[in-house]
Amino acid sequence: MRLRALAKINLGLDILGKREDGYHEVRMIMQTIQMYDVLEMKKKKIPGISLAVNYPFIPSDERNLVYKAAKLLMDEFQVEEGVSIHLDKFIPVAAGMAGGSSDAAAALVGINRLFRLGLTERDLMERAVNIGADVPYCVMRGTALAEGIGEKLTRIARMPQCYVLVGKPGINVSTKAAYESLKLDQIQTHPDIDGMVRDIENSDLYSMVNKMGNVFEPGIIGKYPVIREIKDLMEEHGALKAMMSGSGPTVFGIFDDKKKMEEAAAVLRESRLAKTVFGTEIFNK
């Protein structure tokens with residue numbers, strides 16, 4: 001069985017406050033894009049999970065979310081056979097694109113199908129939150145409003161068709177570090193999440209991009225000015241808007257024209273500001 005684990009971008013990311021349990025209350029608009037990792041899964045007679053990854057620096061044991069996801073379902077349903085999984089990573093690591101969470105979601109879907117467990121999408125999403133806050137969304141995919149710690153999901157209308165240019169500089173930003181450096185009382189502008197939902201429902205791409213925002217951006221750009229440089233380059237070469245995804249450092253630009261996006265991608269590659277440059281489009285479920 002071969003599964004695609006799709007990356008996500010945050011069209012809007014707002015943080016409302018910190019909860020008593022230490023987590024942050026968020027409001028985000030999530031969107032899946034056509035950039036993906038690939039999981040190949042096979043049943044094996046010998047019990048247990050064997051995981052191989054195409055990069056040696058990525059763990060292939062219990063520390064990997066794919067392994068955790070497979071184990072979660074196999075333990076619950078007392079699966080006696082084993083599974084062999086090969087993960088090919090293409091989504092940049094520690095990039096604010098939910099690569100690891102999407103891999104875990106694909107593993108849940110794969111184990112459910114492979115061993116005919118009969119779980120619905122909703123069943124998988126309920127279990128997914130035990131692996132990570134973004135994993136239920138990665139099971140769901142498409143365009144969604146995420147609230148709570150990111151686990152309360154509402155599917156919204158399909159995002160208007162457009163093109164997405166992804167640029168990740170050669171730095172990593174951990175989500176934990178991004179949250180720790182965030183000063184809630186110093187957030188000056190909050191994205192208009194409700195307005196964005198209305199614009200998406202009205203298929204108004206131009207109005208939506210004007211409302212896009214990410215409260216992590218100012219603090220992370222302060223530490224890593226290259227993010228601002230990538231944003232500026234994309235907008236100078238035709239992006240309707242360029243913004244950091246999640247806790248960064250990846251920048252994505254929204255384009256209404258494929259040729260403009262391809263031209264901007266060529267300029268970005270030439271600039272060497274980004275280590276990963278990838279042009280794609282959105283995935284609508």
Side-chain angles (χ1 to χ4, degrees), residues 1-10 30-44 46 48-74 79 81-117 119 121 124-125 127-128 131-144 163-168 170 172 175 245-246 250 252 261-262 265 269 274-285:
M1 185 178 291
R2 199 166 180 268
L3 297 133
R4 297 189 310 169
L6 278 75
K8 65 86 186 158
I9 52 175
N10 297 89
M30 318 271 262
Q31 176 62 48
T32 320
I33 63 169
Q34 297 274 14
M35 180 185 201
Y36 51 85
D37 295 340
V38 177
L39 273 83
E40 288 191 3
M41 308 176 76
K42 288 178 190 166
K43 274 187 194 179
K44 55 176 190 160
I46 304 160
I49 300 159
S50 63
L51 172 64
V53 191
N54 63 330
Y55 288 118
F57 62 87
I58 295 174
S60 56
D61 53 20
E62 294 88 345
R63 293 169 295 166
N64 192 302
L65 295 185
V66 167
Y67 194 108
K68 279 185 184 173
K71 190 173 188 310
L72 182 88
L73 289 187
M74 291 171 78
V79 174
E81 292 167 284
V83 65
S84 167
I85 306 171
H86 188 275
L87 170 62
D88 270 324
K89 290 288 298 172
F90 299 102
I91 302 167
V93 177
M97 300 189 78
S101 296
S102 192
D103 296 341
L108 291 173
V109 170
I111 296 292
N112 184 41
R113 285 184 195 162
L114 209 55
F115 296 105
R116 300 193 173 148
L117 304 181
L119 297 170
E121 182 178 82
L124 291 175
M125 286 168 68
R127 287 160 175 81
I131 301 161
D134 276 346
V135 184
Y137 166 72
C138 292
V139 171
M140 181 187 195
R141 307 202 293 196
T143 315
Y163 301 92
V164 181
L165 177 59
V166 173
K168 180 191 179 282
N172 294 333
T175 305
S245 184
T250 301
F252 67 91
M261 181 200 71
E262 287 168 348
R269 282 191 192 98
K275 191 175 176 185
T276 302
V277 178
F278 189 82
T280 186
E281 52 193 285
I282 56 169
F283 169 89
N284 274 326
K285 192 160 179 181

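Note that this is a predicted model, so its numbers are computed, not measured.
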Nearest heavy-atom neighbours spanning Ala70 and Ile85: CB-CD1, 4.1 Å
N/O donor-acceptor pair under 3.5 Å between Ser102 side chain and Cys138 backbone: no
Residue pair Asp61 / Leu51, side-chain heavy-atom distance below 4.5 Å: no
Validation row: Arg127, Leu119 side chains within 4.5 angstrom (heavy atoms): yes
Heavy-atom pair with the smallest gap, counting every atom of Ala104 and Ala69: O-CB, 3.4 Å
Worked verdict on Ile111 versus Leu117 for side chain to side chain contact (heavy atoms under 4.5 Å, CB included): CA-CA 8 Å; Ile111 296 292; Leu117 304 181; 4.1 Å; yes
Nearest-0.5 Å distance that lies between atom CZ in Arg141 and atom CD1 in Ile33: 12.5 Å
Exceeds 12 heavy-atom contacts within 6.0 angstrom, atom CZ of Phe278: yes
Minimal non-hydrogen separation, Ala106 against Met41, with atom names: O-SD, 4.4 Å
Neighbour count >12 (heavy atoms, 6.0 Å) for atom NZ, Lys44: yes
CZ-CD distance between Arg4 and Gln34, expressed to the nearest 0.5 angstrom: 5.0 Å
From CA spacing to verdict: side chain to side chain contact (heavy atoms under 4.5 Å, CB included), Phe57, Val93: CA-CA 10 Å; Phe57 62 87; Val93 177; 4.2 Å; yes
Test item: Arg2 and Glu40 side chains (from C-beta on) under 4.5 Å apart, heavy atoms: yes
Taking every non-hydrogen atom, the tightest pair across Asp134 and Ala98: OD2-CB, 4.0 Å
Thr32 vs Met140 side-chain heavy atoms within contact, under 4.5 Å: no
Separation between CE of Met74 and CZ of Phe115, rounded to the nearest 0.5 Å: 4.5 Å
CG-CZ distance between Asn10 and Phe252, expressed to the nearest 0.5 angstrom: 7.0 Å
Close side-chain approach of Thr276 and Thr250, heavy atoms under 4.5 Å: no
CE on Met97 to CD1 on Ile9, rounded to 0.5 Å: 7.0 Å
Intermediate values then yes/no, side chain to side chain contact (heavy atoms under 4.5 Å, CB included), Val164 and Met35: CA-CA 10 Å; Val164 181; Met35 180 185 201; over 6 Å; no
Within-4.5 Å side-chain heavy-atom neighbours: Leu87 and Lys89: yes
Separation of Tyr137 OH from Gln31 CD (nearest 0.5 Å): 5.5 Å
Closest contact, heavy atoms only, Lys42 versus Leu114: C-CD2, 4.1 Å
Residue pair Asn64 / Pro59: nearest heavy atoms and the distance that separates them: ND2-O, 2.8 Å
Side chain to side chain contact (heavy atoms under 4.5 Å, CB included) evaluation trace for Leu72 with Leu108: CA-CA 9 Å; Leu72 182 88; Leu108 291 173; 4.3 Å; yes
N/O donor-acceptor pair under 3.5 Å between Lys8 side chain and Gly96 backbone: yes
Leu73 side chain near Val79 side chain, heavy-atom distance below 4.5 Å: no
